[in-house]
Student: 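Handing you this structure, nothing more for now.
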Amino acid sequence: MATALQVERALRELGSKEHATVMQRFFKTGPGEYGEGDRFIGVKVPVIRKVAKQCRDVELAHIETLLDSPIHEVRLCALFIMNLQFERGGPKQQAALYKLYVRKRRCINNWDLVDGSAHRIVGPYLETRSRAPLYKWARAKHLWTRRIAIMSTLHFIKQGDFDDTLAISELLLHDEHDLIHKAAGWMLREVGNRDRAVEEAFLKAHYREMPRTMLRYAIERLPERRRKAYLQGRV
């Protein structure tokens with residue numbers, strides 16, 4: 001059974017300084033940018049997934065240590081391990097993983113970390129429970145907590161349940177951050193992929209007040225004429 005130290009050592013051995021430099025720019029780690037201060041060691045995602053599969057049985061305490069790492073790829077590996085354990089775990093293990101995720105959510109602090117885990121852990125756990133936490137998080141000051149709120153609903157969308165996606169998207173209509181606009185628009189598009197009428201009912205009610213980025217993401221799969229109508233305010 002791997003330890004946190006062994007997982008991190010394995011990742012460091014697979015890193016690349018050149019790729020790390022590219023990722024530092026890609027994930028906006030400069031002063032004032034959304035990923036300010038994050039550190040990379042240059043491990044590509046397929047490689048991280050492979051390490052996670054090899055270390056899938058790491059204990060919860062070691063996962064917490066990995067989530068506390070200043071290294072982006074280490075935190076991502078921890079989340080991939082959590083995904084694997086949640087998928088195969090029983091109710092007690094799933095509850096423990098969910099609680100750890102919630103407790104450490106400020107460590108889940110970039111879009112890839114959120115998008116690769118929220119719908120795999122938070123969404124499934126809350127499927128048969130109160131979804132009140134998502135509404136609280138949608139109002140949080142912390143950017144990534146708000147993104148967790150909307151991205152968790154992807155699990156519900158896949159079950160044909162759209163209500164929370166629509167309600168949380170409405171809460172986020174006036175969010176200040178482009179990364180929230182993108183996430184909400186993406187989830188609305190996912191709703192439309194399954195039920196266009198539901199998506200368009202939401203759009204007709206809100207498209208004039210939606211941030212432009214959110215609208216563009218939401219209508220991306222609509223017929224060209226319909227997209228133009230929304231963008232020109234002629235629906």
Student: Quick one: pull up CE in M214 and CG in L203 and give me the separation to the nearest 0.5 Å.
Tutor: 10.5 Å
Student: Between the side chain of R147 and the main-chain N/O of L143, is any donor-acceptor distance below 3.5 Å?
Tutor: no
Student: Side chains of W186 and M151: does their closest heavy-atom pair fall under 4.5 Å?
Tutor: yes
Student: For a quick test of reading the model, state the closest non-hydrogen atom pair linking R131 to E127 and the distance between them.
Tutor: NH2-O, 2.8 Å
Student: Between L231 and I219, is any pair of side-chain heavy atoms under 4.5 Å apart?
Tutor: yes
Student: Kindly write out the residues that satisfy side chain to side chain donor-acceptor pair (under 3.5 Å) with R221, not counting sequence neighbours, or none if the list is empty.
Tutor: none
Student: Only distances under 3.5 Å count here; give the side-chain donor-acceptor pairs of residues 93-100 to other protein atoms, sequence neighbours excluded, each with its distance to 0.1 Å.
Tutor:
residue, atom, partner, partner atom, Å
Q93, NE2, Q85, OE1, 3.3
Q94, NE2, F86, O, 2.9
Q94, NE2, G89, O, 3.3

Student: Please lay out, stage by stage, how W137 and V122 fare under the test side chain to side chain contact (heavy atoms under 4.5 Å, CB included).
Tutor: CA-CA 12 Å; W137 299 342; V122 177; 3.9 Å; yes
Student: Work out which heavy atom in R39 is nearest to a heavy atom in E73; give both atom names and the distance.
Tutor: O-OE1, 4.0 Å
Student: So, for A183 and I150, which heavy atoms are closest and what is the spacing to 0.1 Å?
Tutor: CB-CG2, 3.8 Å
Student: When you look at M187 and I168, which way does the side chain to side chain contact (heavy atoms under 4.5 Å, CB included) test go after all the steps?
Tutor: CA-CA 10 Å; M187 291 303 99; I168 292 171; over 6 Å; no
Student: Are V102 and I121 linked, directly or through intermediate hydrophobic residues, by side-chain heavy-atom contacts shorter than 4.5 Å (ILVMFWY only)?
Tutor: yes
Student: So, for R226 and L222, which heavy atoms are closest and what is the spacing to 0.1 Å?
Tutor: CG-CD1, 4.1 Å
Student: Tell me whether F27 is reachable from L179 by hopping between hydrophobic residues (I, L, V, M, F, W, Y) whose side-chain heavy atoms are closer than 4.5 Å.
Tutor: yes
Student: Taking atom types as modelled and ignoring hydrogens, do the side chains of S16 and H19 form a donor-acceptor contact shorter than 3.5 angstrom?
Tutor: no
Student: What verdict does the side chain to side chain contact (heavy atoms under 4.5 Å, CB included) test give for L14 and K44, after you've listed the backbone C-alpha separation in whole Å, the side-chain angles of each residue and the deciding distance to 0.1 Å?
Tutor: CA-CA 9 Å; L14 296 164; K44 295 184 178 181; over 6 Å; no
Student: Is there a side-chain contact between H206 and L215 (heavy atoms, below 4.5 Å)?
Tutor: no
Student: Just to verify, what does W111 make a side chain to side chain donor-acceptor pair (under 3.5 Å) with, not counting sequence neighbours?
Tutor: Y34
Student: Taking T145 for the side chain and K141 for the main chain, is one N or O donor matched with an acceptor at less than 3.5 Å?
Tutor: no
Student: Is there a side chain to side chain contact (heavy atoms under 4.5 Å, CB included) between L154 and K158? Walk through the geometry before answering.
Tutor: CA-CA 6 Å; L154 179 56; K158 290 179 177 180; 3.9 Å; yes
Student: Taking all atoms of both residues into account, what is the closest heavy-atom pair of V58 and A2, and its distance?
Tutor: CG2-O, 3.2 Å
Student: Evaluate the salt bridge (charged side-chain N to carboxylate O under 4.0 Å, His left out) criterion for residues D38 and R75: first the C-alpha distance (whole Å), next the side-chain angles of each, then the deciding distance (0.1 Å), finally the verdict.
Tutor: CA-CA 11 Å; D38 207 354; R75 300 197 304 281; 3.0 Å; yes
Student: Where the side chain of R194 meets the backbone of E190, is there a donor-acceptor pair that is under 3.5 Å apart?
Tutor: yes
Student: Looking at CD of E199 and OG1 of T165, how far apart are the two atoms once the value is rounded to the nearest 0.5 Å?
Tutor: 11.0 Å
Student: Measure the CD-CZ distance between Q24 and F40 for me, rounded to the nearest 0.5 Å.
Tutor: 6.0 Å
Student: Answer yes or no: is there a donor N or O on one side and an acceptor on the other, between the side chain of R234 and the main chain of A229, under 3.5 Å?
Tutor: no
Student: If you round to the nearest 0.5 Å, how far is CD1 of I108 from OH of Y101?
Tutor: 4.0 Å
Student: Just wondering, do N193 and I157 contact through their side chains at under 4.5 Å, heavy atoms?
Tutor: no
Student: Please check if the side chain of H181 supplies one atom and the backbone of D175 the other of a donor-acceptor pair under 3.5 Å.
Tutor: yes
Student: Between L66 and H62, is there a side-chain heavy-atom distance shorter than 4.5 Å?
Tutor: no
Student: Count the heavy atoms belonging to other residues, nucleotides or ligands that lie under 6.0 Å from CD of Q232, then report whether that count exceeds 12.
Tutor: yes
Student: Do C107 and E64 come within less than 4.5 Å of each other through their side chains, counting heavy atoms only?
Tutor: no
Student: Working to the nearest 0.5 angstrom, can you tell me the gap between M23 CE and K28 NZ?
Tutor: 12.0 Å
Student: Kindly say whether Q6 contributes a backbone atom to a donor-acceptor pair with the side chain of T3 at under 3.5 angstrom?
Tutor: yes
Student: Check whether any side-chain N or O of T65 sits under 3.5 Å from a backbone N or O of A61 as a donor-acceptor pair, and report yes or no.
Tutor: yes
Student: Walk me through it: do K228 and E224 pass the test salt bridge (charged side-chain N to carboxylate O under 4.0 Å, His left out)?
Tutor: CA-CA 6 Å; K228 288 183 177 179; E224 183 177 0; 3.4 Å; yes
Student: For the atom pair NE2 (H155) and CG (D161), what is the distance rounded to the nearest 0.5 Å?
Tutor: 9.0 Å
Student: Do F156 and L126 have side chains that approach each other closer than 4.5 Å (heavy atoms only, starting at C-beta)?
Tutor: yes
Student: When you check the side-chain N and O atoms of T213 and D178, is any donor under 3.5 Å from an acceptor?
Tutor: yes
Student: Short question: side chain of R49, backbone of F80 - any donor-acceptor pair under 3.5 Å?
Tutor: no
Student: So, for S152 and A118, which heavy atoms are closest and what is the spacing to 0.1 Å?
Tutor: OG-CB, 3.5 Å
Student: A side-chain contact here means heavy atoms from C-beta on lying under 4.5 Å apart; do Y230 and K204 qualify?
Tutor: yes
Student: Can a donor-acceptor pair be found, under 3.5 Å and without considering hydrogens, that links the side chain of E8 to the backbone of A4?
Tutor: no
Student: Treat each ILVMFWY residue as a node, draw an edge where side-chain heavy atoms are under 4.5 Å apart, and state whether L5 and L67 are in one component.
Tutor: no
